[in-house]
Amino acid sequence: MLPPFEIHQPATPAEAVALRARHGESAALYAGGSELLLAMKEGLGAVEHLIDVKTIGGLDTLALASDGAALVIGATVTHRALERSPLLRSRFPMLADMERQVANVRVRAVGTLGGNLCFAEPHSDPPTALLVHEARVVLHGGAGPRRLALADFLVGPYESALGPDEILTHVEIPLPPPRAAAAYLKFGLRERPTVGVAALLVPDVARVAVAEARVAVGCVGPVAARLPEVERALSGLPLAALEAGWPSAETSGERLDAVGDLHGSAEYKRAMAGVFVKRALAQAARRARAAA
Ligand SMILES: Cc1cc2nc3c(=O)[nH]c(=O)nc-3n(C[C@H](O)[C@H](O)[C@H](O)COP(=O)(O)OP(=O)(O)OC[C@H]3O[C@@H](n4cnc5c(N)ncnc54)[C@H](O)[C@@H]3O)c2cc1C
């Protein structure tokens, strides 16, 4: 059963920040509640005040930034809205595809991107896919807004760089370089993924070889992370070779800081990461060669 609580509905980030400061550790920010309410039912944390971020104006929209250089997604935009967004599907098809694979439709209808990133559950999809897009988060605290690379926001399991007086207001995703193509693949036998892999390839002008590669693996270690050594090794390789299956990808999980858990042993997760890096690269390479 849920313990009794008072709900607060701020209209602005500043009001939410003031409520956090006033109620301290007895307060929690609340969006879709798909994680928080479960935790409260389990008796985790003594939450007496819920601060509903969905009433804050302007956090439920996604649009291109005024300079057109990035997509700006409000923290309370749901997975379902992202999955169905024509803008996301046309400009960031891999992200729309990833969102379609999150949880089930009931969770996607209420769960928000902001809630997902702030809860920092290691077995999540969006952080991995957003890392290869070099996303940034915008946080609003007592001292005003600040921007942080997503890679710096993700600190550890259930731990982010969100300050005690801050809320996440937006996620900014820079438009990818010309000709870039991406793929996201996940695998799992439980509700949440065992492994998630994102690959983004920027081909050369002729669309023959890799000019830039970005690869991220999630769910295997404490936080989703890029694989810089794999990315460097991919530079200059023919796209056709990746499409056929790059053998070296199979060992790409070996250096991961893997954690064994209910989803499998550390060794199993490293091996699965290698399998899915290979498949994600093949899919991204096929898209990079085919794109008009
Ligand atoms: C059955 C099930 C299956 C799932 N499967 C998947 C899956 O396959 N992949 C996946 O990625 N996720 C999965 N999830 C997790 C869930 O869908 C997401 O994490 C969801 O997006 C959480 O968002 P929310 O709005 O419900 O967060 P809430 O529960 O409202 O909040 C989560 C946390 O974030 C904080 N918070 C919320 N909004 C903000 C904000 N704007 N600023 C600062 N802090 C904030 C809250 O205080 C809380 O600590 C699953 C969940 C369930 C229940």
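FYI, the numbering just counts along the sequence from 1. Just follow the structure's listing: the first ligand is 1, and inside any ligand the first atom is 1.
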For residues 185-202, which side-chain N or O atoms pair as donor and acceptor with protein atoms under 3.5 Å away, sequence neighbours left out?
{"unit_1": "K186", "atom_1": "NZ", "unit_2": "Q101", "atom_2": "O", "d": "2.7"}
{"unit_1": "K186", "atom_1": "NZ", "unit_2": "D125", "atom_2": "OD1", "d": "3.4"}
{"unit_1": "K186", "atom_1": "NZ", "unit_2": "D125", "atom_2": "OD2", "d": "2.8"}
{"unit_1": "R190", "atom_1": "NE", "unit_2": "L262", "atom_2": "O", "d": "3.4"}
{"unit_1": "R192", "atom_1": "NH1", "unit_2": "E35", "atom_2": "OE2", "d": "2.9"}
{"unit_1": "R192", "atom_1": "NH2", "unit_2": "E35", "atom_2": "OE1", "d": "3.3"}
{"unit_1": "T194", "atom_1": "OG1", "unit_2": "H263", "atom_2": "ND1", "d": "3.4"}

Q | Heavy-atom nearest neighbour in the protein, as seen from atom 17 (O) of ligand 1, with distance rounded to 0.1 Å | A | V107 CG1, 2.9 Å

Q: Can you pull out the closest protein heavy atom to atom 26 (O) of ligand 1? Residue, atom name and distance to 0.1 Å, please.
A: S34 OG, 2.7 Å

(Q) On a heavy-atom basis, I'd like to know which of L162, L168, L50 is closest to atom 40 (C) of ligand 1. (A) L168

Could you list the donor-acceptor pairs under 3.5 angstrom formed by side chains in residues 164-177, with sequence neighbours left out?
{"unit_1": "D165", "atom_1": "OD2", "unit_2": "G142", "atom_2": "N", "d": "3.0"}
{"unit_1": "E166", "atom_1": "OE1", "unit_2": "R146", "atom_2": "NH2", "d": "2.8"}
{"unit_1": "E166", "atom_1": "OE1", "unit_2": "G163", "atom_2": "N", "d": "2.7"}
{"unit_1": "E166", "atom_1": "OE2", "unit_2": "R146", "atom_2": "NE", "d": "2.7"}
{"unit_1": "T169", "atom_1": "OG1", "unit_2": "V138", "atom_2": "O", "d": "3.3"}
{"unit_1": "E172", "atom_1": "OE1", "unit_2": "R136", "atom_2": "NE", "d": "2.9"}
{"unit_1": "E172", "atom_1": "OE1", "unit_2": "R136", "atom_2": "NH2", "d": "3.3"}
{"unit_1": "E172", "atom_1": "OE1", "unit_2": "R147", "atom_2": "NE", "d": "3.0"}
{"unit_1": "E172", "atom_1": "OE2", "unit_2": "R147", "atom_2": "NE", "d": "3.1"}
{"unit_1": "E172", "atom_1": "OE2", "unit_2": "R147", "atom_2": "NH2", "d": "2.8"}

Q: Name the closest protein heavy atom to atom 10 (C) of ligand 1, giving the residue it belongs to and the distance to 0.1 Å.
A: D125 OD2, 3.6 Å

**Q.** For atom 53 (C) of ligand 1, the option (of T78, L38, N104) bearing the nearest heavy atom
**A.** L38

Q: Tell me, yes or no, whether the heavy-atom count around R226 atom CZ, taken from other residues, nucleotides or ligands under 6.0 Å, exceeds 12.
A: yes

Q: Can you pull out the closest protein heavy atom to atom 12 (N) of ligand 1? Residue, atom name and distance to 0.1 Å, please.
A: N116 ND2, 3.7 Å

Q. Has E121 got more than 12 heavy atoms of other residues, nucleotides or ligands less than 6.0 Å from its CD?
A. yes

Q) Tell me: protein heavy atom nearest atom 37 (C) of ligand 1, and distance? A) G115 CA, 3.6 Å

Q: Would you tell me which option among E35, E121, Q101, E166 has the nearest heavy-atom contact to atom 15 (C) of ligand 1?
A: E35

Q. When you measure from atom 23 (O) of ligand 1 to each heavy atom in T112, L37, V47, which option holds the nearest one?
A. T112

(Q) For the aromatic rings, using the six-membered ring if either is Trp, is the centroid distance between F5 and H49 under 6.0 Å? (A) no

Q: Take every heavy atom of K186, measure it against each atom of ligand 1, and state whether any distance is under 4.0 Å.
A: yes

Q) How far is atom 52 (C) of ligand 1 from its nearest protein heavy atom, and which residue and atom is that? A) R192 NH2, 3.5 Å

Q: Do me a favour and list the nearest non-hydrogen protein atom to atom 33 (C) of ligand 1 with residue, atom name and distance?
A: F119 CD1, 3.6 Å

Q) With backbone taken as N, CA, C and O and side chain as the heavy atoms from C-beta onward, which portion of A103 lies under 4.0 Å from ligand 1: side chain, backbone, both, or neither? A) both

Q) When you measure from atom 29 (O) of ligand 1 to every protein heavy atom, which one gives the shortest distance, and what is it? A) L36 N, 2.7 Å

Q | Contact (N/O only, under 3.5 Å) between C118 and ligand 1 | A | no

